[in-house]
Q: 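The following block contains the structure, expressed as structure tokens.
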Amino acid sequence: MRPTSHDEPGIGPPWPAWTAKQAEAMGLLCAECRFDLRTPGAERRLAYNIPTQPDRRRLVCGDCCGNGLDELKRLVAAQAP
């Protein structure tokens, strides 16, 4: 038995594409500008987790959060004596 590639059909059916409404319900849109973070080829808008409450995920695109630098500065300032 030879291994199959990802291009060949598998045993089960392919996963259905999520609608924008389902993606929003799962938190896959930018919390600031509502950009769909699943968009292929949008490398400059990578998703960053900017938590607002403990143990909660809040994804924000790179354009809205300074590519994560704003959150890093906030965290460093919070830990400074």
Side-chain angles (χ1 to χ4, degrees):
M1 185 173 178
R2 69 180 182 84
T4 60
S5 74
H6 294 292
D7 296 332
E8 295 177 2
I11 295 173
W15 286 92
W18 283 10
T19 65
K21 189 173 183 178
Q22 290 169 317
E24 182 177 11
M26 292 302 297
L28 298 175
L29 302 182
C30 174
E32 301 289 329
C33 69
R34 314 307 296 160
F35 176 74
D36 189 343
L37 297 168
R38 305 169 300 150
T39 304
E43 288 83 16
R44 79 174 230 284
R45 294 186 93 166
L46 294 175
Y48 293 89
N49 181 22
I50 310 296
T52 54
Q53 298 173 359
D55 300 326
R56 278 197 64 158
R57 183 181 65 171
R58 181 175 180 257
L59 295 180
V60 180
C61 74
D63 286 356
C64 290
C65 70
N67 290 320
L69 294 176
D70 299 340
E71 180 65 9
L72 286 175
K73 290 177 186 174
R74 185 192 70 76
L75 291 171
V76 168
Q79 292 184 0

Q: Quick one: side-chain contact (heavy atoms from CB on, under 4.5 Å) partners of D36, sequence neighbours excluded?
A: L29, R38, T39

Q: For residues 72-81, which residue pairs pass the side chain to side chain donor-acceptor pair (under 3.5 Å) check, not counting sequence neighbours?
A: E71-R74

Q: Taking all non-hydrogen atoms of both residues, which atom of G27 and which atom of L59 are closest, and how far apart?
A: O-CD1, 3.4 Å

Q: By the salt bridge (charged side-chain N to carboxylate O under 4.0 Å, His left out) test, which pairs, at least two apart or in different chains, include something from residues 59-70?
A: R44-D63, R45-D63

Q: Should side-chain heavy atoms under 4.5 Å link Ile, Leu, Val, Met, Phe, Trp and Tyr, which residues sit in the same cluster as V76?
A: none

Q: Could you pull out all residues at least two apart from R58 that satisfy side-chain contact (heavy atoms from CB on, under 4.5 Å)?
A: A31, E32, I50, T52, V60

Q: Enumerate the salt bridge (charged side-chain N to carboxylate O under 4.0 Å, His left out) contacts for residues 18-29, please, sequence neighbours excluded, ordered by first and then second residue.
A: E24-R34

Q: Which other residues belong to the hydrophobic cluster containing L69, where Ile, Leu, Val, Met, Phe, Trp and Tyr are joined when side-chain heavy atoms lie under 4.5 Å apart, directly or via other members?
A: L72

Q: How far apart are the closest heavy atoms of Y48 and C61, and which atoms are they?
A: CD1-C, 4.5 Å

